[in-house]
Amino acid sequence: DSGVTQTPKHLITATGQRVTLRCSPRSGDLSVYWYQQSLDQGLQFLIQYYNGEERAKGNILERFSAQQFPDLHSELNLSSLELGDSALYFCASSVSGSGNNEQFFGPGTRLTVL
Amino acid sequence: KNEVEQSPQNLTAQEGEFITINCSYSVGISALHWLQQHPGGGIVSLFMLSSGKKKHGRLIATINIQEKHSSLHITASHPRDSAVYICAVGGTYKYIFGTGTRLKVLA
């Protein structure tokens with residue numbers, strides 16, 4: 001158990017819908033990262049937050065947005081869903097936001113868009 | 001060309017064999033991480049390296065900063081080692097991932 005929690009574990013929805021994925025970081029970690037893992041691709045970095053502020057952006061679509069709240073939990077919002085958005089979405093946390101800090105991964109949310 | 005390349009992509013071994021997975025990168029890094037992803041999907045951090053060598057049980061990870069290359073070795077492999085092994089390099093703020101090596105160890 002990494003100490004990072006993600007809800008829900010599974011999500012099945014239809015094209016065009018909007019969903020929210022939630023992540024709670026390990027106690028004491030200030031930074032949260034979101035990753036997408038599709039069947040035909042490896043892990044792709046989406047976005048990073050540090051202490052409530054966006055720090056780095058990766059290959060995140062405009063239909064996707066995220067935020068980190070004062071209690072440090074984070075939410076990833078996916079809207080106008082398409083079939084290709086079906087993937088595993090991982091959240092990870094680390095103490096600070098630098099690349100030489102170990103990241104601890106949550107169990108992931110499996111999103112299926114029908 | 002990907003910034004982080006892993007080889008091989010797939011590997012099948014017999015139980016007890018010595019296994020090596022390689023990772024080469026082309027960007028400047030602050031640290032290199034080896035991750036393990038089990039068939040159920042969960043990701044576990046195995047090692048974080050910025051120089052030299054680390055050992056944990058049957059796993060050994062090495063890094064050569066000058067050559068921009070890292071290796072993950074598994075000694076006396078076991079079927080429970082079957083997983084996807086992912087190399088990730090730590091940049092300023094984020095990880096850049098390799099495509100992973102799918103390892104299957106047969107009993």
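Keep in mind the model is a prediction, meaning the values are calculated, not measured. Throughout, a chain's letter reflects where its sequence line sits, starting with A, and its residues are numbered from 1.
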**Complete:** Pair count under 4.5 Å, heavy atoms only, with chain A: among B:Gly42, B:Ala88, B:Ser45, highest is B:Ser45
**Request:** Can you tell which part of A:Tyr35 gets under 4.5 Å to a heavy atom of chain B, answering side chain, backbone, both or neither?
**Result:** side chain
**Request:** Return yes if some donor-acceptor pair links the side-chain N/O of A:Ser24 with the main-chain N/O of A:His73 below 3.5 Å, else return no.
**Result:** no
**Prompt:** Of the backbone (N, CA, C, O) and the side chain (C-beta and beyond), which part of A:Tyr50 lies under 4.5 Å from a heavy atom of chain B, both, or neither?
**Reply:** neither
**Polar side-chain atom of A:Gln44 near backbone of A:Gln36 as donor-acceptor pair, under 3.5 Å** = no
**Asked** Side chain, backbone, both or neither: which part of B:Leu35 has a non-hydrogen atom closer than 4.5 Å to chain A?
**Response** side chain
**Asked** When Ile, Leu, Val, Met, Phe, Trp and Tyr are grouped by side-chain heavy atoms lying under 4.5 Å apart, directly or through other members, which residues fall in the same group as B:Phe18?
**Response** none
**Message:** As a test of understanding, state which of A:Pro25, A:Cys91, A:Ser94, A:Cys23 forms a side-chain contact (heavy atoms from CB on, under 4.5 Å) with A:Tyr33.
**Reply:** A:Ser94
